[in-house]
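Taking it in order: structure first as structure tokens, then the write-up.
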Amino acid sequence: MQESYKPQKIEQKWQGRWEKTKLYKARENYKQPKYYVLEMFPYPSGRIHMGHVRNYCIGDVIARYKKMQGFNVLHPMGWDAFGLPAENAAISQGIHPAKWTYDNIDYMRRQLKQLGFSYDWDREFATCDPDYYKWEQLLFLDMFEKGLVYRKKSPVNWCPDCKTVLANEQVEEGRCWRCGSEVEIKQLEQWFFKITAYAEELLSYCDRLKGWPEKVLMMQRNWIGKSKGAEIKFPLIDHPGEITIFTTRPDTIYGITFMSLAPEHPLVQKLTKGSPQEKVVNQFIDRIKKQSHLERMAEDVEKEGVFTGAYCQHPLLDKKIPIYVANFVLIEYGTGAVMAVPAHDQRDFEFAKKYNLPIKVVIQPPDRTLDPETMEAAYTEPGILTNSGPFDGLPSEAAKEAIIQYLEEKELGKRKISYRLRDWGISRQRYWGAPIPVVYCPKCGIVPVPKEELPIILPLEVSVKEKGASALADYPAFLETTCPKCGGKAQRETDTMDTFVESSWYFARYACPDEKKAPLDKKRVDYWLPVDQYIGGIEHAVLHLLYARFFTKVLRDLGWLKIDEPFINLLTQGMVCKETYRCPEHGYLIPEEECKHRRCIYCGKKVEIGRLEKMSKSKKNIVDPEKMINQYGADTVRLFILFAAPPDRDLEWSPQGVEGGYRFLQRIWRLIKEISPSLNNKQRKNWDEKEKLLYRKTHQTIKKVTEDIERFHFNTAISALMEFFNVITHFVQKNETTRPLVLKDAIEKFVILLSPFVPHIAEELWHLLGHKTWLIEQPWPKWEEEALKEERLLVIIQINGKVRARMEVPAEISAEEVKKQALNQERIKQLLTGKEVKKIVWVPKKLINIVA
Ligand SMILES: [Zn+2]
Ligand SMILES: [Zn+2]
Ligand SMILES: [Zn+2]
């Protein structure tokens with residue numbers, strides 16, 4: 001009786017052997033060309049989900065393929081282990097964040113090993129390990145010395161649910177990236193990384209990242225948001241000082257009719273204190289404070305404001321400009337003050353209409369004349385200057401230049417490039433993170449911890465009880481310390497670093513995870529970096545991917561790295577989606593458990609099967625990878641995921657597809673198992689047609705699979721292998737007794753080409769075929785151009801026995817195909833017009849006779 005395909009048994013066996021021989025260990029071999037493939041490392045949330053599996057399957061194909069191509073491959077894995085979920089679990093379940101994190105790591109590592117990924121596990125680390133964050137603290141101090149870290153009080157994004165500050169990059173349309181809560185603005189003392197010092201380089205180097213998706217680059221460019229314009233000063237009247245604004249439209253300066261300040265602008269209080277307007281202004285501010293940040297940013301928010309009673313001086317005209325406080329001006333953008341030109345800015349226009357403020361046209365469009373009385377919206381396009389003194393008649397672009405020059409001569413303003421990018425606030429008011437190595441001394445102020453005192457270890461004996469400020473503030477053994485400068489009593493910083501700091505340089509540490517004396521070992525880092533292929537989700541486009549680029553440049557400038565950019569090629573994989581089940585009353589349902597016969601088990605109502613959505617717990621449409629592995633084996637899961645869609649597209653989970661993948665592997669298993677004993681090395685001198693065809697198909701498949709893997713078209717590579725396997729099967733069935741060398745060669749090539757996708761079954765079959773070597777050490781096959789050429793035949797086409805045309809076709813063409821091609825010949829089509837084809841006779845390799 002034939003032994004059936006038992007994937008779990010095979011997979012365990014080979015995983016054990018690979019691990020024992022350290023088959024995937026990456027060793028520095030400085031003469032061999034290297035290839036560094038990396039998938040974004042996971043947060044140890046508990047279990048591996050299908051999104052992870054997809055990400056790592058893609059990376060594993062590339063790693064295995066490159067290794068077989070002769071590269072020295074680095075393919076590491078580790079854990080982005082600090083972060084809020086651990087702390088929240090601690091609060092809700094009473095488990096210490098460290099235990100929760102390390103337990104999850106153990107569980108997930110075992111799951112990853114079940115999938116047979118070719119990781120060098122010797123390089124594994126978790127970022128919550130002091131051996132890792134120690135070096136991060138050192139880098140913080142290096143950056144502090146260079147002026148790349150500073151502390152300041154500023155308005156920050158505050159998530160009321162996570163009870164911590166968020167960086168601008170962590171706010172998506174006014175909401176927390178993690179929990180979706182509306183973000184509030186708070187004034188807080190914070191540590192900042194000076195990412196703006198690299199704004200121009202981060203922007204201009206986008207052009208060099210040829211291996212990145214254009215979409216990601218576009219998002220980064222927009223995020224950095226460079227704009228050219230002028231900074232202009234407006235002296236205050238009856239008050240000392242001035243208002244500074246930034247504008248990209250200096251050409252509209254003669255159209256200013258008022259000035260708008262953000263309610264939080266410090267000048268507001270100074271201008272109104274003790275004035276008759278003080279009360280109404282304060283009432284207005286109190287009211288606006290209740291408006292959420294999100295509302296105030298919205299385009300359709302009602303533009304509201306109040307006059308402060310104060311005026312400033314127009315820099316180019318003898319004119320007093322009233323100063324207003326306005327809800328739509330935000331303190332965290334620009335200078336928190338806006339020169340208002342209602343004729344040429346829509347928000348200013350709406351504001352002016354509401355409060356009956358003058359509208360002065362200073363730009364005329366080329367095709368009509370604007371009249372402030374009848375305008376229904378601001379005119380924001382370029383045009384010709386009017387009502388603008390000496391600049392009348394100039395086109396907008398030229399006028400921008402001329403006005404900036406004039407302002408600079410008069411010292412009333414200056415040319416300025418402005419970026420939307422803000423410095424990266426890295427203080428988090430949470431416990432489970434890397435401590436910031438700074439102490440506060442009543443005498444000496446901010447004192448950095450001396451480098452030899454590192455690491456400042458996060459104490460594990462702290463109990464994390466409730467949401468709120470970092471538990472470190474209530475833990476005297478950590479908090480109380482002595483000042484490194486004067487020796488007096490001092491207190492440690494109790495905020496921890498944003499976890500995005502850890503992920504900003506982990507890829508470099510993988511080059512030398514055991515380095516004891518420094519953050520990085522330059523020799524090894526120079527060899528392995530940059531990452532040749534990085535793979536992860538597009539949701540990191542302006543978060544992690546921007547921070548990692550920034551950090552690479554900082555590490556370069558600190559002398560640790562020689563590269564400018566961390567990732568040469570970036571692949572952003574699509575999501576894993578599945579349909580959703582929904583009861584009109586009970587919401588999303590778990591397909592098998594909460595609905596029976598398409599009815600809700602709670603109320604009996606008909607279940608709606610909804611559209612495809614990203615797998616998520618809340619939509620109850622997840623498929624557990626471990627369950628799938630137990631049922632079908634890891635190879636089937638890998639095969640399905642790689643076959644179902646190209647890596648950059650969304651993938652639809654399909655139970656039939658999984659089943660189909662499993663059956664394919666079973667067929668391979670049965671056939672090779674059955675015929676392997678009878679395969680021989682004898683080759684006949686004169687090949688028959690079937691042998692020629694098999695030989696050609698072998699080389700065609702090598703070419704196709706190689707080219708497809710290079711382009712990450714894994715799905716079409718797998719279909720080519722399926723097609724190849726059909727040809728092999730056919731050959732075996734038609735040649736019951738002969739098992740020539742060409743068949744053995746075809747089967748071996750097939751197994752090699754298959755191995756990056758389904759490494760376990762491939763290894764098993766490889767050994768079954770009598771090999772003692774590891775598949776991964778097998779050179780990737782090369783195709784011979786000569787072998788690809790198809791033999792062609794000249795075929796005669798007759799109609800009713802008369803020769804009417806000739807055509808060339810491949811020698812192995814099927815009867816069906818040759819008939820189709822004959823009927824498609826122009827001349828034959830013409831001759832058959834109006835006639836009915838009764839019969840087509842195909843005399844193989846010779847002629848076709850059409851009876852009509
Ligand atoms: Zn949140
Ligand atoms: Zn001191
Ligand atoms: Zn229901």
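Since we're looking at a predicted model, the values are computed, not measured.
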Between H540 and H544, what is the ring plane arrangement, given parallel below 30°, perpendicular above 60°, and tilted in between? perpendicular

Do you see a donor-acceptor pair shorter than 3.5 Å between the side chains of E784 and Y695? yes

Using only heavy-atom distances, determine whether the side chains of W79 and E124 contain a donor-acceptor pair under 3.5 Å. yes

Exercise answer: donor-acceptor pairs, residues 759-768 side-chain atoms, under 3.5 Å, sequence neighbours excluded:
residue	atom	partner	partner atom	Å
H760	ND1	D635	OD1	2.8
H760	NE2	Q15	NE2	2.9
E763	OE1	W18	NE1	2.8
E763	OE2	L775	N	2.9
E764	OE1	K13	NZ	2.8
E764	OE1	W14	NE1	2.7
E764	OE2	K13	NZ	3.4
W766	NE1	T773	O	3.4
W766	NE1	T773	OG1	3.4
H767	ND1	E763	O	2.9
H767	NE2	T773	O	3.4

Is the closest side-chain donor-acceptor distance between Q69 and Y35 under 3.5 Å? no

Please list, one pair per line, the donor and acceptor atoms closer than 3.5 Å that link side chains of residues 843-852 to other protein atoms, with sequence neighbours excluded.
residue	atom	partner	partner atom	Å
N849	OD1	N800	N	3.4
N849	OD1	G801	N	3.0

Step through the shown structure and confirm whether more than 12 heavy atoms of other residues, nucleotides or ligands are within 6.0 Å of NZ on K34. yes

Under 3.5 Å side-chain donor-acceptor pair for Q114 and E626: no

Modelled atom types, side-chain donor and acceptor of E28 and W528, under 3.5 Å: yes

Whether the E748 and H771 side chains hold a donor-acceptor pair (N or O, under 3.5 Å, no angle test) is what I'd like checked. yes

Parallel, tilted or perpendicular: ring planes of F41 versus Y510, cut at 30 and 60 degrees: perpendicular

Among all residues two or more places apart in sequence or in another chain, which pass the side-chain hydrogen bond (donor to acceptor under 3.5 Å, both in side chains) test with E39? H75, Y119

With no hydrogens and no angle check, do the side chains of R64 and Y24 hold a donor and an acceptor under 3.5 Å apart? yes

Atom CD1 in I641, atom OG1 in T636: separation rounded to 0.5 Å? 11.5 Å

Would you check if there is a donor-acceptor pair between the side chains of Y65 and E710 at a distance under 3.5 Å? yes

Listed by chain and number, what are the side-chain hydrogen bond (donor to acceptor under 3.5 Å, both in side chains) partners of D650, not counting sequence neighbours? none

Report yes or no: is the cationic atom of K749 (NZ for Lys, CZ for Arg) closer than 6.0 Å to the six-membered ring centre of F724, at no more than 45° off its axis? no

Would you mind checking if E723 and K704 are paired as a salt bridge, meaning a charged N to carboxylate O distance below 4.0 Å? no

side-chain contact (heavy atoms from CB on, under 4.5 Å), paired with H52, selected from R54, H49, M50: H49

Take a 6.0 Å sphere around CZ of R611 and say whether it holds more than 12 heavy atoms from other residues, nucleotides or ligands. no

Anything under 3.5 Å between a donor and an acceptor, one on a side chain of residues 822-833, the other on a protein residue two or more places apart or in another chain? List them.
residue	atom	partner	partner atom	Å
R827	NE	R804	O	2.8
T833	OG1	K829	O	3.0
T833	OG1	Q830	O	2.6

Verify side-chain hydrogen bond (donor to acceptor under 3.5 Å, both in side chains) between Y5 and R670, making sure each step is shown before the conclusion. CA-CA 7 Å; Y5 170 47; R670 282 209 201 107; over 6 Å; no

Could you pull out all residues at least two apart from R27 that satisfy salt bridge (Lys or Arg N to Asp or Glu O under 4.0 Å)? none

Under the side-chain hydrogen bond (donor to acceptor under 3.5 Å, both in side chains) test against Y632, which residue among Q8, K627, E659 passes? E659

Assign the ring pair Y506 / Y534 to parallel, tilted or perpendicular, where the plane angle (0 to 90°) is split at 30° and 60°. tilted

